[in-house]
Amino acid sequence: HLYSCLFGTFLLNSEQQRVKEGLQKSTVSLWAYINSQLEEFINPLYVNCYNHVLYPVASMRHLELWIGYYIRWNPRMRPQEPIHQRYKELLGKRAELQKKVEELQREVSNRSASSSEKAGSPSRSVTPVQTVI
């Protein structure tokens with residue numbers, strides 16, 4: 001998209017030059033395009049963790065090349081697989097697992113509600129004993 005000039009977001013050297021050349025009238029913002037098709041650009045593997053810090057291991061012996069990304073265009077390494085198709089599959093699996101989690105949460109809440117009702121029933125209630133000293 002950078003070389004297609006469809007998006008004026010990264011053309012020229014500054015925002016001032018983009019305004020001067022009137023790129024807003026002849027091009028579209030890349031961000032507007034991305035925001036209009038969020039499902040296409042969402043990372044299905046992203047997990048939102050608060051107060052979580054990732055500490056990278058920078059040792060060369062722990063360095064691994066991400067073959068599925070960096071070598072995906074080399075036909076000798078492995079057959080080319082469309083990355084967007086894989087993302088859509090992962091999004092579908094994620095939605096399926098989220099439904100399962102919600103179902104299990106409902107089941108747990110129903111069981112806890114039914115167990116609290118049984119504890120409050122008259123057949124199980126304990127009559128208080130008064131002691132006089």
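What you see below is based on every heavy atom in this structure, not just the backbone, and it leaves out hydrogens, waters and symmetry mates. For reference, positions follow the sequence shown, starting with 1.
Under the 4.5 Å side-chain criterion, counting only non-hydrogen atoms from C-beta, Leu91 is in contact with Arg94. Counting heavy atoms from C-beta on, the side chains of Glu40 and Lys88 come closer than 4.5 Å.
Under a hydrophobic-cluster definition in which Ile, Leu, Val, Met, Phe, Trp and Tyr are linked whenever side-chain heavy atoms come within less than 4.5 Å, directly or via other members, Val108 and Leu104 are assigned to different clusters. Linking ILVMFWY residues whenever their side-chain heavy atoms come closer than 4.5 Å, directly or via other members, places Phe10 and Ile34 in the same cluster.
The aromatic rings of Tyr33 and Phe41 stand perpendicular to each other, their planes meeting at an angle above 60°, with 30° marking the opposite boundary.
Asn51 CG: 12 or fewer foreign heavy atoms inside a 6.0 Å radius. Counted within 6.0 Å of CD on Gln16, heavy atoms from surrounding residues, nucleotides or ligands total 12 or fewer; the atom is thus considered open.
The minimum heavy-atom distance linking Glu21 with Leu12 is given by the pair CG-CD1, 3.5 Å.
Look at Glu103 and Arg106 and you find no salt bridge, because none of the NZ, NE, NH1 or NH2 atoms lies under 4.0 Å from a carboxylate O. Contact check on Glu96 versus Lys93 returns a salt bridge, with a Lys/Arg side-chain nitrogen under 4.0 Å from an Asp/Glu carboxylate oxygen.
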Considering only distance and modelled atom types, tabulate donor-acceptor pairs under 3.5 Å from the side chains of residues 22-31, sequence neighbours left out.
{"from": "Thr27", "atom 1": "OG1", "to": "Gly8", "atom 2": "N", "distance (Å)": "3.3"}
{"from": "Thr27", "atom 1": "OG1", "to": "Leu23", "atom 2": "O", "distance (Å)": "2.6"}
{"from": "Ser29", "atom 1": "OG", "to": "Trp31", "atom 2": "N", "distance (Å)": "3.2"}

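To the nearest 0.5 angstrom, Ile42 atom CD1 is 13.0 Å from Leu90 atom CG.
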